Amino acid sequence: MIETNTFENLLKDVKIATEKATSEFSNVANNEELESLRSKYLGKKGIVKEYYGIVSNCDKDQKSTFGNLVNELRQLVTRLINIHTESQKANRFTDIATTEWIDVTAPGHVPPTGHLHPITQIQYEIESIFRSMGFQVFDGPQVEDDYHNFEALNIPQDHPARDMQDTFWLTNGRLLRTHTSSVQIRAMQAQKPPLRGISPGRVFRYEATDASHENTFYQVEGLMVDKNISVAELIYVMKVLLKEIFQREVKVRLRPGYFPFVEPGFELDINCLICGGDGCPVCKYEGWVELLPCGAIHPNVLKYCDIDPTVYTGFAFGLGLNRLVMMRYGINDIRYFQSGNLQFLEQF
Ligand code: DAH
């Protein structure tokens, strides 16, 4: 039995120790501090152990009152240690998250991919411009016959105009088309007016190559056939096309030009985009750059396609795609397009 006064003080001590434990544990900053508090309260020479030693001196009633308080202190300390251990574990995860983090918003590695050839890019652009004006897109064979490439285009067998284009002839009498105008014939034979369409594609010429000549290049042929189609419609459509391609208003002029399949035939020039017409090396100080040949479809061509030239008229034009891309990007050698040179191609 412990003397009453002493016992009362003892109870106060345990209560104070309990309060102190709560505040001491709330200030723990690291493992060592936690460990030293653990041994202070629960260690072999710790407070709890000391109190348990006193319990043996108590009588029965004192034992239960005092014992309960000491038990509460032990449980409290155990709980506080658990809480700290858990939160330290959580902190370890936070540490990993800050030292070994993955930025899930970072863009990944883009695998190298190819892209469309600059000629194809401009071809698609032109197709979409014409589609928006209600033109169809026609396709035709690259291996052609004499009839579609020459004869029906008003270039008969012995016509001197055949010398204008040097042709790759195949051993079977066919040829590699020298222009996309051949598709005009196929289109007008397949469909009757009103008719408007374009035909982009590859063409071939038997000629020596240099910076401005290739044996293989690309054109877009276009045509429109209906009642009352005149050169005014031609000019309008060309101006819309050029405005869309160059993204600005372009001045054009027509000069007479000879092509067997149009009458009258023209060379369409555009106001030099570099100097605005004042004269510069690009336009050879003329202020104008030759861009595309065109004209009113020759009555003979319409007749070849069973279209009555007294009822219908039309216009046609032939646009060189290589030339257009060269003008747009300032490319000075046409041979780059076929070279397969990646340093060149990857710029577009
Ligand atoms: N076919 C011609 C060539 O390749 C270009 C051409 C000229 C097409 C006048 C046309 C045209 O439609 O009207 O040189």
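Ligands are counted one by one from 1 in listed order, and the atoms in each one are counted from 1 as well. These numbers were taken from a predicted model, which means no experiment stands behind them.
- Close approach of ligand 1 to G318 (heavy-atom distance below 4.0 Å) involves ligand atoms 8 (C), 10 (C), 12 (O).
- Numbered from 1 in the order shown, with element, the atoms of ligand 1 that lie under 4.0 Å from a heavy atom of G295 read 13 (O).
- Counting the atoms of ligand 1 from 1 in the order shown, those under 4.0 Å from a heavy atom of Q184 are 12 (O).
- Below 4.0 Å from some heavy atom of F259 lie the following atoms of ligand 1, by number and element: 7 (C), 9 (C).
- The distance between the ring centers of F261 and H179 falls below 6.0 angstrom.
- Using a 4.0 Å cut-off between heavy atoms, F317 contacts ligand 1 through its backbone alone, with no side-chain atom that close.
- Counted by atom type alone, T178 and N149 present one or more donor-acceptor pairs between their side chains at under 3.5 Å.
- Side-chain atoms of Y41 and E24 form a donor-acceptor pair, as typed in the model, at a separation below 3.5 Å.
- Taking distance alone, with nitrogen or oxygen atoms compared against 3.5 Å, F261 stays at or beyond that limit from ligand 1.
- Every N/O-N/O distance between T178 and ligand 1 stays at or above 3.5 Å.
- Of the N or O atoms in P293, none lie within a sub-3.5 Å distance of an N or O in ligand 1.
- Residue R205 places a heavy atom under 4.0 Å from ligand 1.
- Each of the following atoms of ligand 1 lies closer than 4.0 Å to a heavy atom of V262: 13 (O).
- Near Q219, the atoms of ligand 1 lying under 4.0 angstrom from a non-hydrogen atom of the residue are 3 (C), 4 (O).
- Checking side-chain atoms of K12 against main-chain N and O of E8 turns up no donor-acceptor pair under 3.5 Å.
- Here the side chain of H148 pairs no donor or acceptor atom with the backbone of S181 at under 3.5 angstrom.
- Panel note: side chain E233, backbone S230; a donor-acceptor pair is recorded below 3.5 Å.
- The two residues E214 and Q338 make their nearest non-hydrogen contact at OE2-CG, 3.3 Å.
- Checked against ring-ring contact (aromatic ring centres under 6.0 Å, His included), F204 has no partners two or more places apart in sequence or in another chain.
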